[in-house]
**Q** 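Pasting a structure below so you can have a look.
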There are 2 protein chains.
Amino acid sequence: MPRHQNRAAAGGRRRASHSMESVLTEAVALLDEAGPSALTFRALAQRLGGGVASIYWYVASKDELLDRATDHVIGGVLAEIEAIEPGDDPIDHLRAMSLTLFDAILVRPWLGNYFMRNTDVQGNALRLYEKLGQPTLRLKLTARQRFHAVSAITTVVVGSAVDLGQEPPQEVLDGAVGRDEFLGRFAATWRELDAVDFPFVHEIVDEFDGHDDIEQFRAALDLTLAGLRLQADA
Amino acid sequence: MPRHQNRAAAGGRRRASHSMESVLTEAVALLDEAGPSALTFRALAQRLGGGVASIYWYVASKDELLDRATDHVIGGVLAEIEAIEPGDDPIDHLRAMSLTLFDAILVRPWLGNYFMRNTDVQGNALRLYEKLGQPTLRLKLTARQRFHAVSAITTVVVGSAVDLGQEPPQEVLDGAVGRDEFLGRFAATWRELDAVDFPFVHEIVDEFDGHDDIEQFRAALDLTLAGLRLQADA
DNA sequence: GGTACGATAGAACAGCGTTCGATAGAGATG
DNA sequence: CATCTCTATCGAACGCTGTTCTATCGTACC
């Protein structure tokens with residue numbers, strides 16, 4: 001474990017001088033630029049201008065690196081979420097916070113896979129969970145209902161974001177194929193299915209084709225919140 | 001691509017003789033017995049009594065292997081789901097199907113990570129999606145609402161199951177530490193948090209401690225379904 | 001100056017997915 | 001019967017990964 005890693009990097013060229021901060025920042029940069037598969041200890045070491053083994057002084061394993069990197073950016077999200085005005089309606093507040101979290105994960109799809117995986121090292125994630133829960137304290141619910149409500153909401157947020165953000169088949173990452181065309185191909189396949197065996201797929205294929213991810217998420221969230229409101233008003 | 005892989009395995013000992021079926025069955029067995037990290041081409045080859053490269057005749061990559069293995073067991077789940085009586089209430093039907101799917105993923109946590117990842121090779125997953133959608137055709141909804149509703153439900157089911165099923169920290173896999181004790185440790189940490197900064201966490205920590213995963217899922221599902229019922233009755 | 005320790009790093013290890021090239025066997029063809 | 005073809009198999013190798021071992025540099029303290 002690193003302590004007193006303050007002293008700035010002094011001019012030396014031979015040996016690199018890191019810090020927890022720089023390690024996490026560069027790790028996040030790699031994740032952002034080229035996805036999870038690009039974050040390797042070797043790539044990270046090269047970026048830091050040092051050796052591979054040095055990283056292990058700050059972090060015990062790749063899992064911990066991912067947990068800490070995740071919590072590092074969740075810190076920023078937490079700040080955004082804390083800046084939101086509570087307003088009159090607790091459920092509206094919950095909704096606003098959820099949308100903020102969703103946006104953050106949508107920009108960084110890898111976040112969803114590690115978020116809240118280990119609250120021991122993910123202090124910010126825990127604080128965020130707390131923030132998400134606080135509005136429910138203003139609702140007429142049992143403790144169990146509050147617990148379940150917040151669990152349900154985080155599931156919807158993270159689940160949606162992860163689903164939407166799973167690494168696209170490379171061709172769209174390259175920009176060779178647009179997302180719309182990608183969706184269109186699936187839609188085309190679906191349209192060719194037997195209309196008798198697949199009435200539902202045919203019913204919704206036009207909605208699927210070129211659909212908006214954010215709108216889809218908002219719909220899912222609103223169903224859950226509507227259910228919650230019903231429960232609180234009962 | 002394999003064709004006409006019917007002919008039974010003839011008595012030869014020197015060379016192994018596989019089939020798509022046997023490859024997928026053994027792959028699933030490995031996943032079930034020791035989780036995703038245990039499914040390697042080498043381990044699978046050994047189980048099949050053959051060489052590593054042979055597997056590549058049936059499958060182009062590990063991703064495809066996982067997709068096919070997933071769809072293989074989804075086939076069974078689909079049969080269970082098709083056996084469910086529709087009943088009078090479409091939403092109850094939806095609920096029953098969701099619970100069946102959830103149970104299946106809970107037993108095989110790895111399922112959630114690959115389910116519906118590529119409907120091209122996952123024909124059963126697509127059929128399951130269709131089945132989940134059919135009850136919504138009996139509800140008074142727009143096509144878009146139907147699409148969003150089914151998306152929301154699959155997100156809740158898969159999201160919950162994935163969340164609950166992420167590989168536990170080895171110690172509970174070994175049985176050295178029970179799940180309750182594992183939860184209890186987290187609960188203990190949470191209880192030590194400042195009561196002023198973490199009012200919500202304190203409120204729900206007792207619910208978290210020793211909570212039942214299935215109940216938690218059912219609560220999330222019911223919130224969504226309540227919202228859906230509201231929408232359909234409007 | 002010597003010593004303890006925080007911090008760095010190169011080299012090696014075991015394991016992974018994947019590819020290559022060779023080849024065994026069954027069925028068709030002459 | 002010999003040969004040819006195509007399906008299916010496999011051992012060995014490649015490049016990459018996370019991780020560990022061991023050696024060392026450089027600073028702070030006595």
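Below, read A as the first sequence line, B as the second, and so on, with proteins coming before strands; counting in each chain starts at 1.
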**Q** Which parts of residues 39-47 of chain B get close to DNA chain C, meaning a heavy atom less than 4.0 angstrom away?
**A**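 By residue number: B:L39, B:T40, B:F41, B:R42.
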**Q** Would you say a side-chain N or O of B:S54 is under 4.0 Å from OP1 or OP2 of D:dC10?
**A**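 So the side chain of B:S54 is within the cut-off, an N or O lying under 4.0 Å from OP1 or OP2 of D:dC10.
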**Q** B:H18 side chain N/O closer than 4.0 Å to the phosphate oxygens (OP1, OP2) of D:dC10?
**A**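 Yes.
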**Q** Please report, rounded to the nearest Å, how far the C1' atom of D:dT9 is from the CG atom of B:L48.
**A** 12 Å
**Q** For A:E64 and D:dT19, give me the distance from atom CD to atom C1', rounded to whole Å.
**A** 14 Å
**Q** Does A:S151 reach the side chain of A:Y129, with side-chain heavy atoms less than 4.5 Å apart?
**A** yes
**Q** State the CD-CG distance between B:E80 and B:D103, to the nearest 0.5 angstrom.
**A**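 It is 8.5 Å, given to the nearest 0.5 Å.
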**Q** Could you tell me how far apart A:Y58 (OH) and D:dG18 (P) are, to the nearest whole angstrom?
**A** 19 Å
**Q** Kindly write out the residues that satisfy side-chain hydrogen bond (donor to acceptor under 3.5 Å, both in side chains) with B:Q134, not counting sequence neighbours, or none if the list is empty.
**A**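 B:E130, B:K131.
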**Q** Determine whether B:F217 and B:L99 make a side-chain contact, defined as any pair of heavy atoms from C-beta on separated by less than 4.5 Å.
**A**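 With C-beta onward as the side chain, the pair touches.
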**Q** Does a salt bridge link B:R191 with B:D206, judged by any charged N lying under 4.0 Å from a carboxylate O?
**A**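 Yes, B:R191 and B:D206 are salt-bridged.
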**Q** Pick from B:I105, B:L31, B:L66: which one makes a side-chain contact (heavy atoms from CB on, under 4.5 Å) with B:W110?
**A**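 Considering B:I105, B:L31, B:L66, a side-chain contact (heavy atoms from CB on, under 4.5 Å) with B:W110 is found only for B:L31.
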**Q** What is the distance, to the nearest angstrom, from the CD1 atom on B:I55 to the C1' atom on C:dG17?
**A** 11 Å
**Q** Rounded to the nearest 0.5 Å, what's the gap from CZ on A:F102 to CZ on A:R218? Could you check?
**A**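 One gets 9.0 Å once the value is rounded to the nearest 0.5 Å.
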**Q** Rounded to the nearest 0.5 Å, how far does CG of A:D71 lie from CG of A:L128?
**A**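 Going from CG on A:L128 over to CG on A:D71, the span is 9.5 Å.
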**Q** All N/O contacts under 3.5 Å from nucleotides 19-24 of chain C to the protein, with atom names and distances to one decimal?
**A**
none

